[in-house]
Engineer: 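One structure coming up, written as structure tokens, with questions to follow.
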Amino acid sequence: MTSSAERLTPAASGLRPDSGDAATAGTLPAHRSVEEILAHPDFPAARALFVAEHAKVYEAGTFPAQLGADIGRVTTLAIIVCLHAAYDPADRAT
């Protein structure tokens with residue numbers, strides 16, 4: 001029995017990679033039609049994983065609330081670093 005990774009390789013599928021210039025010949029992935037992609041036995045699992053992983057970006061604890069906290073932290077750190085870089089112990093105004 002072949003693994004899903006083996007089934008997805010161009011050599012295992014019998015498809016040929018693009019025939020570009022000699023330097024890249026054999027290194028480009030094979031083109032697949034929409035029908036081939038949708039008919040692949042691992043497509044439903046791959047789609048579910050793709051959707052689940054990308055949906056994590058929009059969870060309430062992650063985005064946009066977490067993004068705002070991260071921006072605030074980075075901005076505060078940048079202000080502290082800039083103020084420290086301009087600090088002169090001899091000049092009280094700094």
Side-chain angles (χ1 to χ4, degrees):
M1 177 162 208
T2 60
S3 71
S4 60
E6 291 170 344
R7 286 194 306 258
L8 296 175
T9 61
S13 68
L15 296 174
R16 293 184 184 180
D18 288 341
S19 57
D21 62 357
T24 60
T27 60
L28 298 175
H31 287 278
R32 308 274 185 174
S33 69
V34 172
E35 293 79 19
E36 287 177 302
I37 293 169
L38 294 175
H40 194 280
D42 293 331
F43 178 77
R47 181 181 183 275
L49 179 64
F50 177 84
V51 170
E53 290 299 314
H54 283 81
K56 288 180 183 177
V57 172
Y58 298 101
E59 288 178 355
T62 304
F63 183 84
Q66 186 63 43
L67 179 61
D70 289 342
I71 290 171
R73 186 171 57 247
V74 169
T75 303
T76 303
L77 180 62
I79 292 169
I80 292 169
V81 168
C82 290
L83 290 173
H84 181 71
Y87 175 67
D88 180 9
D91 184 2
R92 286 183 55 94
T94 63

Engineer: Report the relative orientation of the aromatic rings in Phe50 and His54; use parallel for angles under 30°, tilted for 30 to 60°, perpendicular for over 60°.
Structural biologist: tilted
Engineer: Using links of under 4.5 Å between side-chain heavy atoms of ILVMFWY residues, direct or through other members, which residues join Val34 in one cluster?
Structural biologist: Ile37, Leu38, Phe43
Engineer: Measuring from atom CD1 of Ile71 to atom OG1 of Thr76, what distance do you get when rounded to the nearest 0.5 angstrom?
Structural biologist: 11.5 Å
Engineer: Would you name the heavy atoms of Glu36 and His31 that are closest together and state the gap between them?
Structural biologist: OE1-O, 4.2 Å
